[in-house]
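Inspection log for the structure reproduced underneath, given as structure tokens.
All heavy atoms count here, side chains included; hydrogens, waters and symmetry mates do not. As the structure is a computational prediction, the values presented were derived from the model and not from experiment.
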Amino acid sequence: MGEFVGIDPLGAEKLIRQMEAGKEVLGRARPGLEAAIAEAGEEWVGRGGITAMHRTWAFFHESQQDLKWRVDTIKRLVPTQQKGMLATTFPFSNGAEAARAARKDADAIAAALKLHDQHLSGPSWNGVEKALGALKGRADDPTYAAALLAALGPTTFQKLLRDWMNIEAAGVRRGLTPDALKRAGDSSPGLLARAFASAESSGRLGNEWQKMVETAPSDILTTLVALAPQSGTFLNRVATNLLNRPPNSDAYPTDPNWSLYNLAKAYEANPDAFQRLLAEHQKEAGVLLNAYTVTTTGVPGYEEALAKALHGALKPGAGVDDMRERAWITVINTIGSEHSLWVGGGIGTFTNAPISRMLAKDIAPILDKLARGQAERNSPDVPHLEPRAPWDKLDPAVSARFLGALMQDPVAADALMKAGQDYTKELDMGRFHPFDPDLYGREAHANLAARTGALGNLLLAGSTYAEWSDDEYAERLAGYILMPVDFFNNKFLPIDSALVSTGKDKGLDDAKGVMKDLITDYLDQRTPDNAEAVANKLVEQQVGFLVESLKAHGQAPLAAADRALLRDAVKGRLMSALVQALKVRGG
């Protein structure tokens with residue numbers, strides 16, 4: 001029984017492909033050879049050739065099957081990202097032996113289950129568990145697993161899981177709790193889930209098992225994906241089916257939805273599958289991310305699990321670039337949609353929100369995509385602003401609502417501010433002077449300034465959805481307005497001493513303080529100015545700070561016309577969003 005096996009899966013798979021090519025050559029040559037032999041009749045001297053050809057083809061075919069069994073089995077027995085030689089002891093010497101053992105074990109399991117149905121006692125169930133114990137050390141052999149499941153059938157397979165739940169997790173009616181899952185993993189359901197994963201991921205299950213996804217109860221399916229790492233294809237089939245079921249399709253819809261939690265945990269363990277779900281199944285992903293779903297699962301850990309799954313799928317460098325970007329767009333469209341309950345939905349503010357914090361943490365690489373969409377709307381005549389596909393289809397209003405949804409959490413709001421500052425610094429628009437005599441320099445500055453201003457515009461628009469104190473609101477708005485000037489100033493003005501740097505920072509803080517006072521006076525109704533008048537003063541303050549900084553550091557002063565042009569450019573990028581932000585907050 002069994003043998004020690006060492007094999008290089010990549011090398012074996014290459015050999016399998018080479019043997020397939022050999023079979024194709026033999027297959028093409030065989031008809032011509034058979035026709036030539038028939039035509040030559042008794043004159044043909046190599047009559048054994050056709051037999052040798054058949055034997056060669058059969059050798060290739062049988063060797064392929066054996067190699068595939070070995071590769072599939074060792075991948076299951078030695079789960080690793082390591083390349084090269086893998087070695088372990090196989091439970092069986094070949095696939096035929098594995099299949100025979102599986103059919104024998106299935107017969108024993110079926111007999112024990114039949115006996116239990118007659119007696120419904122503790123001892124009779126122990127007999128079922130004992131029969132299922134035969135799977136230990138064998139469930140990871142794909143051939144064994146497929147033969148076992150084929151002999152049991154989907155109905156008996158589901159009954160084994162259901163009977164365990166009824167006996168060992170009574171009262172858990174909408175998915176297994178973490179404690180129940182731990183017990184299940186150490187018992188027969190864990191073995192059955194591993195056998196299913198072995199057979200399904202290697203493509204050895206029949207159509208009746210694929211149909212099981214459409215008919216099996218939610219808790220059965222989520223138990224399978226929670227107890228063993230299933231293939232991404234199966235996991236996404238389970239998710240798309242469950243998330244399309246009517247909201248009250250469960251027998252106990254008011255119980256905590258542990259099935260949804262277990263699905264999120266399965267995606268946490270399989271970020272590539274989740275990335276694909278987000279990118280390709282926007283409707284179903286929208287159910288997972290829906291604010292109503294997040295707040296009504298009845299499972300406190302659901303949002304945390306979903307946040308970790310989102311991090312795995314969306315963090316910089318995760319998966320495939322194109323797939324990750326499409327996944328981001330689904331998340332933005334869902335959370336920032338016009339009818340999103342994340343903002344103004346009447347179900348509460350999302351403070352202390354793990355999802356908001358995780359998204360704000362991972363958002364840096366896509367800020368330029370969001371900024372370009374808003375910049376193109378603000379400055380349609382500035383060249384080279386347009387976002388590339390698929391970002392060109394994203395509505396900037398949706399982006400603003402998305403950012404506003406995240407801003408409801410103060411920690412996420414701070415992370416967004418930091419990401420915006422880093423983005424502006426990375427653009428480094430101070431490389432080019434706004435009035436450079438060179439045309440390219442002026443256009444380059446206009447492009448970078450448009451994108452920087454556009455991000456500030458989005459953050460200002462998003463801030464209207466955040467629920468901050470007046471002081472927090474004034475502080476953040478002043479920061480958003482000054483964000484472009486801060487880093488223009490950092491780059492364009494030479495800082496050659498700590499004293500000068502400190503003076504510049506103090507000047508920036510002073511300007512921010514003046515802006516904050518203007519905003520606070522408006523919010524507290526200590527000024528007769530309306531929102532437009534206050535916004536004009538804030539823009540004037542921004543431009544004035546830049547002009548005074550240039551002068552203080554020995555740069556060429558701006559002419560009155562240059563200053564007016566700069567002010568108009570700033571107003572064009574920020575004014576509408578700034579006025580709206582003030583109006584919404586100030587009433």
Looking at [Y] and [X], is any side-chain nitrogen of the basic one under 4.0 Å from a carboxylate oxygen of the acidic one?
X    : Y    : value
R245 : E214 : no
D368 : R372 : yes
D362 : K315 : no
R183 : D179 : no
K159 : D117 : yes
R326 : D322 : yes
D219 : R174 : no
K418 : D422 : yes
K211 : E208 : no

With heavy-atom distances below 4.5 Å as the criterion, would you say the side chains of [X] and [Y] are in contact?
X    : Y    : result
K369 : W328 : no
T156 : I109 : no
L289 : V294 : no

Could you tabulate the donor-acceptor pairs under 3.5 Å formed by side-chain atoms of residues 297-306, not counting sequence neighbours?
{"residue": "T297", "atom": "OG1", "partner": "V299", "partner atom": "N", "Å": "3.3"}
{"residue": "Y302", "atom": "OH", "partner": "L288", "partner atom": "O", "Å": "3.0"}
{"residue": "E303", "atom": "OE2", "partner": "I355", "partner atom": "N", "Å": "3.3"}

Original post:
Are the side chain of T295 and the backbone N or O of Y292 linked by a donor-acceptor pair below 3.5 Å?
Top reply: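 Flag set: sc T295 to bb Y292 pair under 3.5 Å.
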Original post:
Does any N or O in the side chain of Q275 come within less than 3.5 Å of the main-chain N or O of A318, such that one atom is a donor and the other an acceptor?
Top reply: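 The answer is yes, because a donor-acceptor pair under 3.5 Å joins these two groups.
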Original post:
Stepwise, does the salt bridge (Lys or Arg N to Asp or Glu O under 4.0 Å) test hold for R388 with D392?
Top reply: CA-CA 6 Å; R388 60 170 174 77; D392 55 339; over 6 Å; no
Original post:
For R276, does the CZ atom have more than 12 heavy-atom neighbours from other residues, nucleotides or ligands under 6.0 Å away?
Top reply: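 At most 12 heavy atoms, drawn from other residues, nucleotides or ligands, come within 6.0 Å of this atom.
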Original post:
When rounded to the nearest 0.5 angstrom, what distance separates CG in L235 from CD in Q230?
Top reply: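 Atom-to-atom, L235:CG and Q230:CD are 8.5 Å apart.
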Original post:
Is the closest side-chain donor-acceptor distance between S259 and T222 under 3.5 Å?
Top reply: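 Distance-only check passes for S259 and T222.
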Original post:
Just checking, is any N or O donor in the side chain of Y267 or D272 under 3.5 Å from an acceptor N or O on the other one?
Top reply: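 Side chains of Y267 and D272: no pair found under 3.5 Å.
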Original post:
side-chain hydrogen bond (donor to acceptor under 3.5 Å, both in side chains) with N290: which residues, sequence neighbours excluded?
Top reply: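 Listed in chain order: nothing, the list is empty.
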Original post:
For the side chain to side chain contact (heavy atoms under 4.5 Å, CB included) test, which of L394, N333, T334, V331 pairs with F402?
Top reply: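 Among L394, N333, T334, V331, the one that satisfies the side chain to side chain contact (heavy atoms under 4.5 Å, CB included) with F402 is V331.
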